[in-house]
Every structure is written in C-alpha cells, then in structure tokens.
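Notes for the one structure printed next.
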Amino acid sequence: MSAPRVRFAPSPTGYLHIGGVRAALYGWLWAKQKGGEFILRIEDTDQARNTEESVGIIFESLRWLGMDWDEGPEVGGPNAPYFQSQRLELYREYADKLIASGHAYRCYAGKEELAAARAEHKLRTGQDHGFRFQSPWRERTDGDATQKHVVRFKAPSKGVIAWDDLVKGRIEVDNATQQDFVLMRPNGLPLYSFGCVVDDLTMGVTLVTRGDDHMINTAPQILMYRALGAEPPQFAHMPMVLGPDGKKLSKRHAAVSVLEYRDMGYLPDAVLNYLVRLGWSHGDQEIFTRAELVELFNWEHVGSGSGRYDQKKFLHVSAEHLRALPHDELAKWVVPFLAERGIEVTPDDATLLAALPYLTPRASTLIELADAADYFLRDAPVFEDKARRKFLIPENAETLRELTRRIEGASEFTLEALEASVKAWLEEADLKMKQIAQPARVAMSGRTRSPGLYEVMVVLGRERTLERLKAGAALAESGVDLSA
RNA sequence: GGCCCCAUCGUCUAGCGGUUAGGACAUCGGCCUCUCACGCCGGUAACGGGGGUUCAAGUCCCCCUGGGGUCACCA
C-alpha cells in the first residue's frame, strides 16, 4: 500500500470537539507513521452555522496539539483551495456529471411539498421518523434547470453495499434502506456528504477516519464514488467518546473543546495520550510519548466499543506527563499560568527551576503547578486565613524565633545541614518535629501544605527563609485575630 | 420504530480455544512521614443471559437482553 493520504474535515461551528479530534488523531498518527500526508479541509457549506472565528479556533487547536497538516489552509498544497466554500464550481461540475450519466436528477419539489409529504407520513404511520421522500421528479427530465431546484441522487433500492472497515470489519448495508438524498442545495452549495466525496476524490484521499456516528453516511458515499466511476477510499470508523453516563460526550459532562484543555493547564502530549489510549491499547502500557504513539499506533488494537470519558484517569495521565517533562521545558509551560496570577517570571528563573523538582509530584496540571509555585515567587507569602489563625499564634512565637536562630546557625544552607541543625535542636529541647513543622511551614509558605520544610528553605534561600521566619514569629506574637 | 454499531472489574483495557482472567485509573487497608503529595505493599472488584460448535469457550456461531449511533435542502 502506498503512503496514505488522510484528511480531517471539521466544520467551523464554534470550537473543536475533543471527540472529533480523537478520530482525526488516529488518522494523523497513521499518516505520520507511514510517511503519508495529513490534509486539513474546512467544511464550511452550512452558512447558517459557520463563523470565521471558528476557523481560527480550528487552526489554533490543532497547532496547540501539535497536529500539523501537510496540506490545507495556510500551508497550501496541490489541491487548493481547502475551503469547501471556495470549491463550489467543482461540486457543480460533478453534480452535472451525475445528472448526465443518469445517476442524479433535478428535483423541483419545494420545502413546502416536502413538509406536506412528511406530515402525511406522520399521519399515516403515527411516527416522526422513517420518512423517505419519493420525488415525483425522479424519472422526469422536463424540468427547467434555471428554476429553483435541488439535485438528488438516484439511489438504488436493490443490492447491498459493503466495505471492509479498518476498525469495524466488514459492514454491509442493504440498498433498500437508501433514499434519494440531496446532493446540491438550490443555492448551489453542496451537502456535506456530497462535497466530502468530491473533495476526497479530487484530493486523492485514501483513508477516511471519523466517528462511527458517520457510518450512516458511508454507504451513500460509496454509491456516489461508484456512480462517479471511482473506487472509494478506505474507511475507519472509530467508536465515539461517551460521557460518564454513557451518552454522547457533551458540554454538560466535561470540557469538550480542545482549547479549554489548554486553558485548564493540560499538556498537549497528555491530551494526545489520553485520547489515543481511550480506545486503543498497546499491551499494558498507559503512558506514551508523542513519538511512541506515532511509532506504535495500529488499527488492529483500536477497540470497537465506545469508551467513556474519565476525568480522573485523564488527570493521572496529565500528571505523568508533567513529571516526565524536563524541568527547563516544563518551566516554559508554567510561566503563562504564573503570569495569570500576577507573577511575572521568565522560564529560566532560578527559584522556579529550583522549586520544580519538589512541585511536580504534587501537581496534575499546569494550573496546580503554578499554584504550588506561588509563594516561592512572591516577595512574601499570601497567608491562608485558616492556616495563619491556627499556627501563627503567640505560643508558637518563641518556637519560630528559636528555629530562626538554628537556621542562622546551620553550617551550610543545604538539605542535610539544615536537617542536622534542626534535629540537634529538637533533641536538646525535647521537641518533636510535629510541634514545629506546621508553624514553620505556614510562616514560609502561608499554607498548611507544601513540600518538605528543608526543601522549601533551600528553594527560598537563606535570606528569604530567615526573613519569612522572622516575619512569621512577629505575626505570631502579635496574635492578631484576623477574623475580628 | 427501521437501519447500523457495540458488550471482560465502577472506568479504560489485556486476552486472539486450554490463564489462579493480567494491567491502569478510581476505591479500601497498610507502610513511609514535618503537612500535602509522590512512592511502596496489600485488598475489594469483571467475562450480561440462553442456546449451540468443540475433548475444551471470555475467546467461534445463533438468539435474547442491554447500551450507543442515525434516520435533514446539519455536519
């Protein structure tokens, strides 16, 4: 098999859905692995729903995910243009071909006529669904092509259409279930299914990957390919991602837009990992780098059942990727999230870099990471009210002062030296670590939860550690009741 | 309702005729411990039901049940 040409054809209707991306992702991985091409095409033939802004969102989403396209908008390619709205001439041409060859016909039945037929169907059957329009124009050729009309495909009613789906196996659909679907609207815009076929055909697409909610479109499309005298591409219909309740994943279940995940502090590689692993497996391996995904992906291990979105697992995958990332790189990712909380630092900030090793085991997202880094990077910690009231109290003032003296007296400012110094004091004074840890922690971080005491000290450095301990002691002594 | 797809722990899954049915997340114990995490050790937990085929079925076939999708001049 020659190198695959895979396309992703989202429609610009708002945001890029994580489920749609997943289907595209498998195609992207496949193209990468096989040295093929990944083609981006914008399906903007629904004037009522498309917005220009959405097109930008698609680009931004894919770029953030690192899913680069070999052909498509902005990068160009031999099959330009890549917006359906700019390929109208082509659809017209192919529709005419089908009419000329007797595979399609002009139908002058208006919407009113259709609605009437539909109403009649409901009256007769008592059902809304299952309506199939029998156009009176099917066998007529006496219509006036200058008059308003749609182009309908003359669907066969006998026979079976079948294909070997890369994930579902052999699928057969009885032609008796087909109807004369519309190819072209009166305004000259094609319908999705037709535009899709014309584009895939003219662009030389060899593999179509999509959610299995599109499976219903495949048989009609194969019919169109055949009518056009062409061989259909391969199809891969992936099971969709469902919400935790088993329904189609939607906004009420979870964030569904790619950019939301960016904003929530996920790493793109983590998103890729989670999405791919949800429905595909490689033995017991759970965590994959991007390169591994490209190398290992195969269709055989794409599961055929739909998967449910699991936020907890996603967070776990995110955490794993956070921890696996070299700290200098990780720093680049956190900086924008720090800026969001008013902390302006550069990725080479020494304090940030020093803190990261102690922070990553405690964070699952970049937002959590930024939060955990907060007090290291401010001039003074922002005290949690409860923490301050519980631990920075008069009876802890002396403890903090003595701790300050011991830290000042440490031979070096290293984890070992600091620990030795504090241990010696505890022994002398017959104190337990428990008794001093929380007051010290709150004094230095403003919080009751942080990395180890000595770790915090080392990251802060001698000056700032002493400064904070002294300030904490003073605060404790003043015994100010903040709740008053 | 018609058509299409699907079915192993709560969730994602491994399994491709012979397994004490494995892993991960979650969950529950315990260890570690200056807090919170991380880490480590251990536990609970699954083949939807019924028929076949076979010496042998989670694995193959059929039916049922259940779930999902889709039935547009949307994509």
Side-chain angles (χ1 to χ4, degrees), chain A residues 9-13 20 43-46 48-50 107 109-111 114 118 125-133 149-152 165 167-169 171-174 176-179 181-187 189-193 195-196 210-219 237 239-240 242 244 246-248 274 277-287 300-301 303-317 319 323 358-364 372 387 391 419 422 426 432-442 445 447-454:
Chain A
S11 51
T13 53
E43 309 252 344
D44 54 352
T45 55
D46 183 352
R49 299 201 302 168
N50 296 334
C107 171
K111 282 195 170 179
L114 231 75
R118 195 182 299 275
T125 64
Q127 306 211 321
D128 275 328
H129 37 247
F131 170 68
R132 285 167 65 191
F133 182 59
H149 66 276
V150 300
V151 177
R152 283 184 186 274
D165 198 278
V167 345
K168 302 279 188 181
I171 310 283
E172 298 189 351
V173 180
D174 197 319
T177 65
Q178 300 299 338
Q179 59 180 321
F181 49 88
V182 174
L183 267 23
M184 297 289 284
R185 297 178 170 95
N187 63 7
L189 290 175
L191 262 86
Y192 161 77
S193 216
C196 200
R210 42 160 66 147
D212 64 13
D213 52 333
H214 278 270
M215 250 193 298
I216 191 87
N217 293 317
T218 307
H237 289 97
M240 19 195 345
L242 269 24
K247 305 285 184 197
K248 200 168 178 173
Y274 179 72
R277 185 62 181 70
L278 176 57
W280 171 80
S281 61
H282 183 255
D284 285 340
Q285 190 172 351
E286 299 282 350
I287 304 302
E300 296 79 65
H301 287 97
S304 41
S306 47
R308 298 184 188 211
Y309 178 90
D310 184 347
Q311 179 65 32
K312 294 252 182 72
K313 179 93 176 233
F314 201 166
L315 273 173
H316 173 257
V317 171
R323 282 168 212 155
Y358 305 124
L359 268 24
T360 47
R362 297 173 167 80
S364 295
F391 295 107
E419 181 169 7
V422 171
L426 293 177
K432 292 279 180 239
M433 190 67 188
K434 277 187 191 307
Q435 296 169 271
I436 69 151
Q438 287 306 73
R441 170 166 287 112
V442 174
S445 71
R447 310 176 179 191
T448 54
R449 302 143 65 132
S450 82
L453 242 37
Y454 311 118

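Computed over heavy atoms, backbone and side chain alike; hydrogens, waters and symmetry mates excluded. Each chain gets a letter, A, B and so on, in the order its sequence line appears, and its residues count up from 1.
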Do the rings of A:Phe131 and A:Phe133 sit parallel, tilted or perpendicular, given the 30° and 60° boundaries? tilted

Using Watson-Crick geometry (N1-N3 plus N6-O4 or O6-N4) or G-U wobble (N1-O2, O6-N3), each under 3.5 Å, B:G39 is paired with B:C31

Base, sugar-phosphate alone, or nothing: which one does A:Leu315 contact when heavy atoms must sit under 4.0 Å apart? nothing

Determine whether the aromatic ring of A:His214 stacks with the base of B:A75, defined as ring centroids separated by less than 5.5 Å and ring planes inclined by less than 30°. yes

I'd like the P distance from B:G49 over to B:G58, given in whole Å. 11 Å

As an exercise, state the distance from NZ of A:Lys313 to CZ of A:Arg308, rounded to the nearest 0.5 Å. 15.0 Å

In the 5'-to-3' direction, what one-character label does each nucleotide of nucleotides 24-32 of chain B receive under the scheme B = base within less than 4.0 Å of a protein heavy atom, S = sugar-phosphate only, - = no such atom? BSS------

OP1 or OP2 of B:A75 under 4.0 Å from side-chain N/O of A:Arg185: yes

Between B:A26 and B:A21, how many Å separate the two P atoms, rounded to a whole number? 26 Å

May I ask you to say what A:Pro186 touches in the nucleic acid, namely base, sugar-phosphate or nothing, with a heavy-atom cut-off under 4.0 Å? base

In this structure, how many angstroms lie between the P atom of B:A72 and the CG atom of A:Asp128, rounded? 10 Å

Donor-acceptor pair, A:Arg210 side chain versus A:Met215 backbone, under 3.5 Å? no

Give a yes or no on whether the backbone of A:His237 and the side-chain of A:Asp165 come within a donor-acceptor separation of less than 3.5 Å. yes

Across the strands shown, which category fits A:Thr125 at heavy-atom distances under 4.0 angstrom: base, sugar-phosphate, nothing? nothing

pair_partner(B:C71), Watson-Crick or wobble, both distances < 3.5 Å, evaluates to B:G1

Classify the nucleic acid contact of A:Arg308 as base, sugar-phosphate or nothing, counting any heavy atom under 4.0 Å across all strands shown. sugar-phosphate

Please check if the side chain of A:Thr125 supplies one atom and the backbone of A:Gln127 the other of a donor-acceptor pair under 3.5 Å. yes

To the side chain of A:Val150, which of B:C73, B:A75, B:U70 is closest? B:C73

Base, sugar-phosphate, or nothing: which does A:Thr177 touch, judged by heavy atoms less than 4.0 Å apart? sugar-phosphate

Residue matched to B:C25 through Watson-Crick or wobble contacts both under 3.5 angstrom: B:G10

Heavy atoms from C-beta onward define the side chain here; which of B:C34, B:G69, B:C71 lies closest to that of A:Tyr454? B:C34

Could you give the distance separating B:C74 and B:U11 at their P atoms, to the nearest angstrom? 38 Å

Selection from B:G1, B:U70, B:U35 that lies nearest to any side-chain heavy atom of A:Gln127: B:G1

If only side-chain N and O atoms of A:Ser281 are considered, is one of them under 4.0 Å from the OP1 or OP2 phosphate oxygen of B:C12? no

Can you check whether A:Thr45's main-chain N or O pairs, donor with acceptor, with A:Tyr192's side chain at less than 3.5 Å? no

For A:Asn217, answer base if it contacts any base atom (sugar-phosphate contacts may also be present), sugar-phosphate if it contacts only those atoms, and nothing otherwise; contact means non-hydrogen atoms under 4.0 Å. base

Looking at every strand, decide which applies to A:Lys111 at a 4.0 Å heavy-atom threshold: base, sugar-phosphate, or nothing. base

Which part of the nucleic acid, if any, lies within contact of A:Arg447, taking any heavy atom under 4.0 Å across all strands shown: a base, the sugar-phosphate backbone alone, or nothing? nothing

Residue A:Arg449, side-chain heavy atoms: nucleotide from B:C36, B:C73, B:U70 that is nearest: B:C36

For atom C1', what is the distance between B:G69 and B:C31, given to the nearest Å? 48 Å

Measuring only the C1' atom in each nucleotide, how far is B:C60 from B:C9? A whole number of Å is fine. 24 Å

Between the side chain of A:Arg277 and the main-chain N/O of A:Glu286, is any donor-acceptor distance below 3.5 Å? no

Value rounded to 0.5 Å, distance of CZ in A:Arg185 from CG in A:Leu191: 4.5 Å

Of all the nucleotides listed (B:G15, B:C12, B:C73), which has the minimum atom distance to the side chain of A:His301? B:G15

Just so I know, are the side chains of A:Asp212 and A:Met240 near enough to count as touching, which here means a heavy-atom distance under 4.5 Å? yes

Considering only the P atoms, how many Å lie between B:G15 and B:G23, rounded to the nearest integer? 15 Å

On RNA chain B, check which nucleotide each of A:Gly307 and A:Leu242 is closest to and give me the residue with the more 5' one. A:Gly307

So does A:Ser306 get a side-chain nitrogen or oxygen closer than 4.0 Å to the phosphate oxygens (OP1/OP2) of B:G67? no

Taking B:C6, B:A75, B:C34 as options, the one with an atom nearest any side-chain atom of A:Leu191 is B:A75

Students often get this wrong, so: under 4.0 angstrom with heavy atoms, is A:Ala109 touching a base, only sugar-phosphate, or nothing? base

Gap in Å between the two C1' atoms, one belonging to B:G48 and one to B:A7, rounded: 8 Å

Validation row: A:Ile171, A:Thr218 side chains within 4.5 angstrom (heavy atoms): no

Toward the 5' end of RNA chain B, by each residue's nearest nucleotide, A:Phe131 or A:Gly246: A:Gly246

Students often get this wrong, so: under 4.0 angstrom with heavy atoms, is A:Met184 touching a base, only sugar-phosphate, or nothing? nothing

Need one value for A:Lys432: base, sugar-phosphate or nothing, where a base atom within 4.0 Å counts as base even if backbone is also close, heavy atoms only. nothing

Check whether any side-chain N or O of A:Gln438 sits under 3.5 Å from a backbone N or O of A:Ala440 as a donor-acceptor pair, and report yes or no. no

NA contact type, A:Leu453, heavy-atom cut-off 4.0 Å: base, sugar-phosphate, or nothing? base

B:G66 to B:U54 separation - C1' atoms, rounded to the nearest Å: 28 Å

Nearest-neighbour nucleotide for the A:His129 side chain, B:C73, B:C34, B:C71 considered: B:C71

From B:A7, B:A75, B:C34, nucleotide with atom closest to A:Thr45 side chain: B:A75

Nearest-angstrom distance from the residue atom CD of A:Gln285 to P of B:U13: 16 Å

Watson-Crick or G-U counterpart of B:U54, or none if no pair lies under 3.5 Å: none

Establish whether the base of B:C38 is bridged to the side chain of A:Arg362 by a donor-acceptor pair shorter than 3.5 Å. no

Which part of the nucleic acid, if any, lies within reach of A:Gly452 when heavy atoms closer than 4.0 Å are counted: base, sugar-phosphate only, or nothing? base

Classify the nucleic acid contact of A:Pro244 as base, sugar-phosphate or nothing, counting any heavy atom under 4.0 Å across all strands shown. nothing

